[in-house]
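Right, one structure below, let's go through it.
Atoms within each ligand, like the ligands themselves, are counted from 1 in listed order.
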Amino acid sequence: MTVKLHLFVAFLMFSTYYLTEVYSLVEFTNVQCENMDKDFALVEYCYLKSVNRSYKYVSIKVNLLKPPITKVKVRLALYKRLNGYKPFLYDLTVDACRFLKYPKSNPVALFFYNCFKEYSNMNHTCPFDHDIVLDKMSYHSINNKFTKVLAFPEGNYMFEMDWIAYDINRVITKLYFSLS
Ligand SMILES: *[C@@H]1O[C@H](CO)[C@@H](O)[C@H](O)[C@H]1NC(C)=O
(Lines give C-alpha, C1' and ligand atoms only; values in the text may rest on other atoms or scores of the structure.)
Protein backbone atom coordinates (compact mmCIF):
# COMPACT_ATOMS: atom_id res chain seq x y z
CA MET A 1 0.00 0.00 0.00
CA THR A 2 2.75 2.45 1.01
CA VAL A 3 4.81 1.49 -2.00
CA LYS A 4 1.83 2.05 -4.27
CA LEU A 5 1.19 5.43 -2.69
CA HIS A 6 4.81 6.44 -3.15
CA LEU A 7 4.72 5.34 -6.74
CA PHE A 8 1.54 7.29 -7.25
CA VAL A 9 3.06 10.43 -5.72
CA ALA A 10 6.17 9.96 -7.84
CA PHE A 11 3.98 9.56 -10.89
CA LEU A 12 2.05 12.73 -10.02
CA MET A 13 5.26 14.71 -9.51
CA PHE A 14 6.69 13.39 -12.72
CA SER A 15 3.61 14.13 -14.79
CA THR A 16 3.17 17.60 -13.28
CA TYR A 17 6.77 18.38 -14.14
CA TYR A 18 6.39 16.87 -17.59
CA LEU A 19 3.14 18.67 -18.37
CA THR A 20 4.50 21.97 -17.10
CA GLU A 21 7.48 21.58 -19.39
CA VAL A 22 5.41 20.63 -22.38
CA TYR A 23 2.57 23.10 -22.02
CA SER A 24 4.56 26.13 -20.94
CA LEU A 25 4.30 27.65 -24.37
CA VAL A 26 4.76 30.78 -26.34
CA GLU A 27 2.04 31.19 -28.95
CA PHE A 28 1.80 34.01 -31.45
CA THR A 29 -1.61 35.66 -31.53
CA ASN A 30 -1.12 38.59 -33.92
CA VAL A 31 1.41 40.72 -35.76
CA GLN A 32 1.08 44.32 -36.92
CA CYS A 33 3.40 46.55 -38.90
CA GLU A 34 3.00 50.31 -39.10
CA ASN A 35 4.59 52.13 -41.98
CA MET A 36 5.73 55.46 -40.54
CA ASP A 37 7.56 56.76 -43.61
CA LYS A 38 6.60 55.28 -46.97
CA ASP A 39 9.24 57.26 -48.83
CA PHE A 40 11.95 55.50 -46.91
CA ALA A 41 10.76 51.97 -46.23
CA LEU A 42 7.72 50.08 -47.41
CA VAL A 43 6.17 47.13 -45.66
CA GLU A 44 5.52 44.67 -48.49
CA TYR A 45 3.89 42.11 -46.23
CA CYS A 46 3.43 41.44 -42.55
CA TYR A 47 1.25 38.55 -41.44
CA LEU A 48 0.68 35.68 -39.07
CA LYS A 49 -0.27 32.41 -40.73
CA SER A 50 -1.86 29.48 -38.92
CA VAL A 51 -0.94 26.28 -40.71
CA ASN A 52 -2.59 24.14 -38.07
CA ARG A 53 -3.11 24.22 -34.31
CA SER A 54 0.52 23.65 -33.48
CA TYR A 55 2.26 25.48 -36.29
CA LYS A 56 1.92 29.21 -36.81
CA TYR A 57 4.47 31.54 -38.27
CA VAL A 58 5.17 35.21 -38.86
CA SER A 59 6.55 36.60 -42.11
CA ILE A 60 7.56 40.21 -42.70
CA LYS A 61 9.20 41.90 -45.65
CA VAL A 62 10.27 45.52 -45.72
CA ASN A 63 11.60 47.18 -48.89
CA LEU A 64 14.29 49.76 -48.28
CA LEU A 65 13.75 52.58 -50.76
CA LYS A 66 16.88 54.60 -50.01
CA PRO A 67 19.71 52.12 -49.60
CA PRO A 68 22.34 51.80 -48.36
CA ILE A 69 21.38 52.47 -44.75
CA THR A 70 24.32 53.10 -42.50
CA LYS A 71 22.69 54.25 -39.27
CA VAL A 72 20.01 52.16 -37.56
CA LYS A 73 18.67 52.08 -34.07
CA VAL A 74 16.04 49.67 -32.81
CA ARG A 75 13.82 50.25 -29.84
CA LEU A 76 12.84 47.00 -28.11
CA ALA A 77 9.89 47.23 -25.75
CA LEU A 78 7.95 44.50 -24.03
CA TYR A 79 4.37 45.03 -22.83
CA LYS A 80 2.12 42.80 -20.76
CA ARG A 81 -1.66 42.96 -21.00
CA LEU A 82 -3.39 43.96 -17.78
CA ASN A 83 -5.93 46.68 -18.49
CA GLY A 84 -4.52 47.37 -21.90
CA TYR A 85 -0.85 46.77 -22.64
CA LYS A 86 1.49 48.09 -19.93
CA PRO A 87 5.31 48.39 -20.15
CA PHE A 88 6.91 45.24 -18.78
CA LEU A 89 10.59 44.87 -17.83
CA TYR A 90 12.24 45.88 -21.08
CA ASP A 91 12.36 49.13 -22.98
CA LEU A 92 15.70 49.81 -24.54
CA THR A 93 17.03 51.45 -27.66
CA VAL A 94 20.00 49.78 -29.29
CA ASP A 95 22.42 51.01 -31.93
CA ALA A 96 21.83 48.13 -34.35
CA CYS A 97 25.00 48.68 -36.40
CA ARG A 98 27.15 48.49 -33.30
CA PHE A 99 25.16 45.63 -31.80
CA LEU A 100 25.42 43.49 -34.94
CA LYS A 101 29.17 44.06 -34.90
CA TYR A 102 29.53 43.24 -31.19
CA PRO A 103 26.46 41.16 -30.22
CA LYS A 104 27.83 40.23 -26.81
CA SER A 105 28.02 43.90 -25.84
CA ASN A 106 24.29 43.88 -25.04
CA PRO A 107 22.96 40.68 -23.43
CA VAL A 108 19.31 41.82 -23.40
CA ALA A 109 19.33 42.72 -27.09
CA LEU A 110 21.16 39.46 -27.78
CA PHE A 111 18.39 37.51 -26.07
CA PHE A 112 15.73 39.02 -28.34
CA TYR A 113 17.96 38.81 -31.41
CA ASN A 114 18.56 35.09 -30.81
CA CYS A 115 14.82 34.50 -30.92
CA PHE A 116 14.53 35.52 -34.55
CA LYS A 117 17.97 35.68 -36.14
CA GLU A 118 17.71 32.24 -37.76
CA TYR A 119 14.64 33.44 -39.70
CA SER A 120 16.04 36.82 -40.69
CA ASN A 121 18.50 38.20 -43.22
CA MET A 122 19.63 40.86 -40.70
CA ASN A 123 22.61 38.66 -40.01
CA HIS A 124 25.34 41.15 -40.77
CA THR A 125 26.20 44.63 -39.63
CA CYS A 126 25.54 47.90 -41.47
CA PRO A 127 25.20 49.02 -44.21
CA PHE A 128 21.87 47.50 -45.28
CA ASP A 129 21.33 47.65 -49.02
CA HIS A 130 18.69 44.95 -49.46
CA ASP A 131 15.11 44.27 -48.37
CA ILE A 132 14.72 43.11 -44.78
CA VAL A 133 13.01 39.75 -44.50
CA LEU A 134 11.76 37.72 -41.60
CA ASP A 135 10.80 34.39 -43.11
CA LYS A 136 8.35 32.03 -41.40
CA MET A 137 9.42 32.68 -37.85
CA SER A 138 7.74 30.08 -35.65
CA TYR A 139 7.85 30.05 -31.88
CA HIS A 140 9.55 26.72 -31.40
CA SER A 141 12.95 28.27 -31.00
CA ILE A 142 11.54 30.90 -28.63
CA ASN A 143 9.80 28.51 -26.27
CA ASN A 144 12.92 27.24 -24.58
CA LYS A 145 14.39 30.68 -24.15
CA PHE A 146 11.34 32.24 -22.53
CA THR A 147 10.19 29.40 -20.35
CA LYS A 148 13.50 27.94 -19.25
CA VAL A 149 15.78 30.94 -19.05
CA LEU A 150 13.44 33.64 -17.88
CA ALA A 151 10.51 31.92 -16.19
CA PHE A 152 8.13 34.68 -17.29
CA PRO A 153 4.65 34.84 -15.78
CA GLU A 154 1.77 33.53 -17.87
CA GLY A 155 -0.31 36.02 -19.78
CA ASN A 156 -0.60 38.03 -22.95
CA TYR A 157 2.33 40.07 -24.19
CA MET A 158 3.22 42.44 -26.96
CA PHE A 159 6.77 42.92 -28.19
CA GLU A 160 7.28 46.18 -30.03
CA MET A 161 10.22 47.02 -32.25
CA ASP A 162 10.68 50.52 -33.63
CA TRP A 163 13.00 50.63 -36.64
CA ILE A 164 14.78 53.97 -36.49
CA ALA A 165 17.01 55.00 -39.40
CA TYR A 166 18.93 58.29 -39.17
CA ASP A 167 17.07 59.05 -35.94
CA ILE A 168 13.63 58.89 -37.57
CA ASN A 169 11.16 56.13 -36.80
CA ARG A 170 10.39 54.42 -40.12
CA VAL A 171 8.56 51.20 -39.28
CA ILE A 172 6.95 49.84 -36.12
CA THR A 173 6.42 46.11 -35.71
CA LYS A 174 4.28 44.63 -32.96
CA LEU A 175 4.25 40.94 -32.18
CA TYR A 176 1.49 39.74 -29.88
CA PHE A 177 1.89 36.44 -28.06
CA SER A 178 0.57 34.51 -25.14
CA LEU A 179 2.50 32.52 -22.60
CA SER A 180 0.62 29.68 -21.00
C1 LIG B 1 1.23 21.11 -38.69
O2 LIG B 1 1.85 21.48 -39.87
C3 LIG B 1 3.25 21.18 -39.93
C4 LIG B 1 3.82 21.79 -41.20
O5 LIG B 1 3.06 21.47 -42.33
C6 LIG B 1 3.44 19.66 -39.85
O7 LIG B 1 4.81 19.34 -39.88
C8 LIG B 1 2.81 19.15 -38.57
O9 LIG B 1 2.88 17.75 -38.54
C10 LIG B 1 1.35 19.60 -38.47
N11 LIG B 1 0.83 19.24 -37.17
C12 LIG B 1 -0.38 18.72 -36.99
C13 LIG B 1 -0.77 18.46 -35.58
O14 LIG B 1 -1.13 18.50 -37.93
Nitrogen or oxygen contacts under 3.5 Å, ligand 1 side and protein side:
residue, atom, partner, partner atom, Å
ligand 1, 2 (O), Asn52, ND2, 2.3
ligand 1, 11 (N), Asn52, ND2, 2.9
ligand 1, 14 (O), Asn52, ND2, 3.2

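Here salt bridge (Lys or Arg N to Asp or Glu O under 4.0 Å) pairs that include residues 158-171, with residues two or more places apart or in two chains, are Asp37-Arg170, Lys71-Asp167, Lys73-Asp167, Arg75-Glu160, Arg75-Asp162. The stretch residues 42-51 participates, sequence neighbours left out, in these salt bridge (Lys or Arg N to Asp or Glu O under 4.0 Å) pairs: Glu44-Lys61. Listed by first then second residue, pairs satisfying disulfide (SG to SG under 2.5 Å) with a partner in residues 48-106 read Cys97-Cys126, not counting sequence neighbours.
Around atom CG of Asn83, no more than 12 heavy atoms belonging to other residues, nucleotides or ligands sit under 6.0 Å away.
In this structure a side-chain-to-backbone donor-acceptor pair under 3.5 Å is present from Tyr166 to Thr70.
Side-chain atoms of Phe159 and Leu76, non-hydrogen and from C-beta on, do get closer than 4.5 Å to each other.
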